Amino acid sequence: MRILFVGDVVGSPGRQIVQDRLADVVSQRQVDLVIANGENAASGFGITPRLADELLGMGIDVLTGGNHSWDRKEIHEYMPHQPRLLRPGNFPEGTPGSGTFTGNTKNGVKYAVLNLQGRVFLAPIDDPFRKADAELAKLPADVDIILVDLHAETTSEKIAMGWYLDGRVTAVVGTHTHVTTADERVLPQGTAYITDVGMTGPHGGVIGMDREAIIKRFLDGLPARFEVASGDVQMNCVLIETDDAGERNTAGRLRARSIERLRLRID
């Protein structure tokens, strides 16, 4: 099994490179499951129903979210009706939508995607570690693959989650900082891990936004309107391959055999 996770899709440049490059990657690398973080798809802040439908129509099986999931008010009514659009599961009870999706790949392999948000330097929502325990306990025994997207600010919180879930899930991938880390590895109990997958969008600015406005904000401290940047459009993702013939992990799920960073650019 090969799972492709696409890093945070930012604005129209991010959506365009997914449109241009995703199908080729899926075909060439024989990908079975595609997951992407889409919380910055709408001009860098949030996602709309139209854009969620657009990204899912490009071949993405599940979209995850984060602290910007709620930036567009029209998504509040849409999310409960589209189970493949997730928001962090440790938002308080009663928040629209869900943080977990369970489905089947085209070749019949049952998988689950769990979306969580960190609490360090972000909103003090429910504990993501205990929420992970609770959600994993609810999953059917026949789920073969579990991928966790931890949308968090600090490397320490993400690394801690990787170790906490090692041997219980197939992969833990970090999102949110928009900067790819070089620490991809398979942990001792078979869980693939990377602190941050990085960003899918324009790298000619500052984490996807126009650099002039950001620099001005640092210089004068005044409020500024941020626009999506342009230039050096990249699709940063990781390809996770499972060890289908090997021993299952302690939770009975498929172990990861490898995790590989991919970086694509628009020609």
Side-chain angles (χ1 to χ4, degrees), residues 3-26 29 31 33-72 74-75 78-79 82-88 97 99 101 113 115-117 147-153 171 173-181 194-210 226-240 261-267:
I3 308 154
L4 186 74
F5 188 94
V6 180
D8 307 44
V9 178
V10 177
S12 58
R15 303 194 310 271
Q16 186 61 55
I17 194 170
V18 172
Q19 177 70 58
D20 291 350
R21 303 305 302 274
L22 180 59
D24 287 343
V25 176
V26 169
R29 303 303 295 264
V31 173
L33 175 63
V34 180
I35 305 157
N37 186 289
E39 65 138 16
N40 300 120
S43 300
F45 299 96
I47 188 168
T48 65
R50 179 181 66 82
L51 296 181
D53 289 342
E54 181 181 299
L55 288 167
L56 292 170
M58 292 178 190
I60 295 170
D61 295 294
V62 182
L63 285 165
T64 56
N67 58 303
H68 289 294
S69 287
W70 313 111
D71 286 4
R72 306 290 171 153
E74 59 265 44
I75 207 66
Y78 170 90
M79 192 175 286
Q82 178 46 273
R84 294 196 290 148
L85 175 63
L86 301 180
R87 46 78 173 169
F101 177 77
V113 180
N115 191 186
L116 299 167
Q117 183 172 304
L147 182 138
V148 178
D149 172 3
L150 177 58
H151 197 78
E153 192 76 50
V173 300
T175 59
H176 178 63
T177 69
H178 292 196
V179 178
T180 309
T181 57
I194 186 168
T195 298
D196 205 285
V197 180
M199 183 184 78
T200 295
H203 286 66
V206 177
I207 61 171
M209 308 311 287
D210 177 69
F226 296 153
E227 303 284 351
V228 175
S230 60
D232 190 18
V233 180
Q234 302 176 20
M235 186 169 87
N236 283 284
C237 38
V238 289
L239 182 65
I240 299 155
R261 275 181 290 142
L262 303 179
R263 176 173 294 169
L264 301 98
R265 288 181 165 92
I266 293 178
D267 295 332

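Here the structure is a predicted model, which is why all the values come from computation and not from measurement.
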Give every donor-acceptor pair under 3.5 Å between a side-chain atom in residues 42-53 and any protein atom, sequence neighbours left out.
unit_1 : atom_1 : unit_2 : atom_2 : d
Thr48  : OG1    : Leu51  : N      : 3.2
Arg50  : NH1    : Glu54  : OE1    : 3.4
Asp53  : OD1    : Tyr78  : OH     : 2.5

Worksheet entry | Minimum side-chain heavy-atom gap Val197-Asn37 below 4.5 Å | no
Item to complete: Spell out, as yes or no, whether a donor-acceptor pair under 3.5 Å connects the side chain of Asp61 to the backbone of Val34.
Response: yes
Practice prompt. Could you list the residues that satisfy salt bridge (charged side-chain N to carboxylate O under 4.0 Å, His left out) with Glu74, not counting sequence neighbours?
Written response: none
Worksheet item: Ignoring hydrogens and geometry, is there a side-chain-to-backbone donor-acceptor pair from Asn115 to Gly65 under 3.5 Å?
Response: yes
Practice prompt. Identify, with sequence neighbours excluded, every residue that meets ring pair (Phe, Tyr, Trp, His ring centres under 6.0 Å) alongside His176.
Written response: His151
Response to the item:
Residue set satisfying salt bridge (charged side-chain N to carboxylate O under 4.0 Å, His left out) with Arg84, at least two apart, ordered chain then number -> none
Discussion item. Test your reading of the model: is there a side-chain donor-acceptor pair from Thr200 to the backbone of Gly7, 3.5 Å cut-off?
Written reply: yes
Worksheet item: Side chain of Asp149, backbone of Thr64: donor and acceptor closer than 3.5 Å?
Response: no
Worksheet item: Which residues satisfy the salt bridge (charged side-chain N to carboxylate O under 4.0 Å, His left out) test with Asp232, sequence neighbours excluded?
Response: Arg265
Worksheet entry | Test item: Arg87 side-chain N/O and Gly97 main-chain N/O as donor-acceptor pair under 3.5 Å | yes
Fill in: With Arg29 via salt bridge (charged side-chain N to carboxylate O under 4.0 Å, His left out) - residues at least two apart
Glu260
